[in-house]
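Below: one structure, written as structure tokens.
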Amino acid sequence: MSNPLKRVFNKDRTFRPKRKFEPGTQRLELHKKAQASLNAGLDLKLAVQLPHGEDLNDWVAVHVVDFFNRINLIYGTISDSCTEQSCPTMSGGPKYEYRWQDENKYRKPTALSAPEYMNLLMDWIEVQINNEGLFPTNVGTPFPKNFLQVVKKILSRLFRVFVHVYIHHFDRIIQMGAEAHVNTCYKHFYYFVKELNLIDTKELEPLKEMTLKMCH
């Protein structure tokens, strides 16, 4: 692995602690199956398809946690250049601005700097995926009825990290020699959300042109 990529995968730069799958669980086996497909060089469009006989919610849960870990790591690599001065708003170019809203402090959509938004976003997702009532880890414990609804919100918000990184910080990614890794992660994410219809098309608009070139 080249030095730039070693820097990209340096665990000390991860924005948040990695969420791991519990040993002996169905979720860990599915995670291994998904990773094996990727490691074998399987076409990403095929790799995201629900394996025969597997539960949709389990398959989605595995990927949501995995994407959180990966996107977290990507943002961690550029976070030193994403500051309140360089990025006073959480945006994707001049056309798109993302406002933060939650059930606590920000009950109305609020304009924040990109680093503030990212901190709140990663905190919020971490709470969701560590919530046993929402992402149950015990075999046989059912997923809640609103699981996919929450997942769609998580994935839409994670997509905004890609938007901000690609539009405002891709020069830093190139500088670190990490563009191939980030592009592969993006393609994997895009094919997954399209395959299972987990993001509204309008959310994907900011990267539409790039996606058309990258994801055939």
Side-chain angles (χ1 to χ4, degrees), residues 4-5 7-10 13-19 63-102 105-106 108-129 150-194 198-215:
L5 279 182
R7 286 205 300 277
V8 173
F9 288 101
N10 182 344
R13 295 186 64 97
T14 305
F15 197 53
R16 287 283 183 286
K18 247 184 149 183
R19 168 77 199 269
H63 281 81
V64 169
V65 172
D66 194 40
F67 287 134
F68 170 67
N69 287 336
R70 289 175 188 223
I71 294 168
N72 201 345
L73 182 59
I74 289 168
Y75 183 69
T77 66
I78 60 91
S79 59
D80 57 352
S81 58
C82 182
T83 65
E84 307 225 342
Q85 289 72 39
S86 66
C87 305
T89 58
M90 174 57 184
S91 60
K95 275 180 73 177
Y96 300 95
E97 182 187 333
Y98 300 116
R99 299 187 170 210
W100 182 257
Q101 185 175 17
D102 57 31
K105 186 178 174 184
Y106 300 99
K108 291 181 179 176
T110 306
L112 298 171
S113 69
E116 282 180 288
Y117 186 102
M118 295 294 188
N119 264 306
L120 288 165
L121 168 61
M122 298 302 180
D123 281 347
W124 177 77
I125 295 176
E126 208 169 13
V127 168
Q128 309 309 309
I129 64 177
V150 175
V151 158
K152 286 178 180 180
K153 192 169 183 179
I154 290 172
L155 293 171
S156 292
R157 286 179 161 181
L158 279 175
F159 182 77
R160 295 171 184 183
V161 181
F162 277 122
V163 173
H164 186 73
V165 168
Y166 269 117
I167 292 174
H168 296 281
H169 299 289
F170 202 63
D171 54 342
R172 181 88 175 105
I173 295 290
I174 291 171
Q175 196 180 38
M176 298 177 79
E179 65 268 34
H181 168 70
V182 175
N183 288 345
T184 300
C185 185
Y186 176 74
K187 286 200 278 190
H188 189 196
F189 180 94
Y190 176 79
Y191 287 137
F192 182 76
V193 297
K194 290 296 282 181
L198 293 171
I199 285 190
D200 289 340
T201 305
K202 70 177 190 317
E203 276 283 346
L204 301 171
E205 279 292 316
L207 297 179
K208 186 178 177 181
E209 285 184 29
M210 183 195 83
T211 305
L212 283 171
K213 291 175 189 165
M214 197 189 290
C215 307

(request) Check side chain to side chain donor-acceptor pair (under 3.5 Å) between Tyr186 and all other residues, then give those that pass, not counting sequence neighbours. (result) Thr211

(request) Evaluate the side-chain proximity of Val182 to Tyr166: yes if any heavy-atom separation is below 4.5 Å, no if none is. (result) yes

(request) Check whether any side-chain heavy atom of Arg157 sits under 4.5 Å from a side-chain heavy atom of Trp124, and report yes or no. (result) yes

(message) Are Cys185 and Phe162 packed together at the side-chain level, in the sense that at least one heavy-atom pair is separated by less than 4.5 angstrom?
(response) yes

Quiz: residues 83-96 side-chain donor-acceptor pairs under 3.5 angstrom, not counting sequence neighbours:
unit_1 : atom_1 : unit_2 : atom_2 : d
Thr83  : OG1    : Gln85  : N      : 3.3
Thr83  : OG1    : Ser86  : N      : 3.0
Thr83  : OG1    : Ser86  : OG     : 3.1
Ser86  : OG     : Ser81  : O      : 3.0
Ser86  : OG     : Thr83  : N      : 2.9
Ser86  : OG     : Thr83  : O      : 3.4
Ser91  : OG     : His168 : NE2    : 3.2

(request) Work out which heavy atom in His188 is nearest to a heavy atom in Arg70; give both atom names and the distance. (result) ND1-NH1, 3.9 Å

(request) Could you pull out all residues at least two apart from Thr110 that satisfy side chain to side chain contact (heavy atoms under 4.5 Å, CB included)? (result) Tyr106, Leu112

(request) Only counting residues at least two apart or in another chain, list the ones meeting side chain to side chain donor-acceptor pair (under 3.5 Å) with Arg160. (result) Tyr117, Glu203

(request) Could you note down all residue pairs passing salt bridge (charged side-chain N to carboxylate O under 4.0 Å, His left out) where residues 174-194 supplies at least one of them, sequence neighbours left out? (result) none

(request) Examine distances only and state if a side-chain atom of Thr77 and a backbone atom of Ile74 form a donor-acceptor pair shorter than 3.5 Å. (result) yes

(request) Kindly indicate whether the side chain of Lys153, heavy atoms from C-beta on, has any atom under 4.5 Å from the side chain of Gln128. (result) no

(request) Flag the pair Ile71 / Phe189 as yes when at least one side-chain heavy-atom distance between them is below 4.5 Å, and no otherwise. (result) yes

(request) Taking all heavy atoms of Met214 and all of Tyr191, pick out the closest pair and write down the distance. (result) O-OH, 4.4 Å

(request) List the atom of Lys152, the atom of Leu198, and the distance in Å for their closest heavy-atom pair. (result) CG-O, 3.4 Å

(request) Report the residues that fulfil salt bridge (charged side-chain N to carboxylate O under 4.0 Å, His left out) with Lys202, sequence neighbours left out, ordered by chain and then residue number. (result) Asp200

(request) Identify the two heavy atoms, one from Leu155 and one from Ile199, that lie closest to each other, and give their separation to 0.1 Å. (result) O-CD1, 3.6 Å

(request) List the atom of Asp80, the atom of Arg172, and the distance in Å for their closest heavy-atom pair. (result) OD2-NH2, 3.3 Å

(request) With the side chain counted from C-beta on, respond yes when His169 and Tyr75 share a heavy-atom pair under 4.5 Å apart, and no when they do not. (result) no

(message) So, using ring pair (Phe, Tyr, Trp, His ring centres under 6.0 Å) as the criterion, who are the partners of Tyr98 when residues are at least two apart?
(response) none

(message) Could you tell me if the side chain of Leu207 sits less than 4.5 Å from the side chain of Ile167, heavy atoms only?
(response) yes

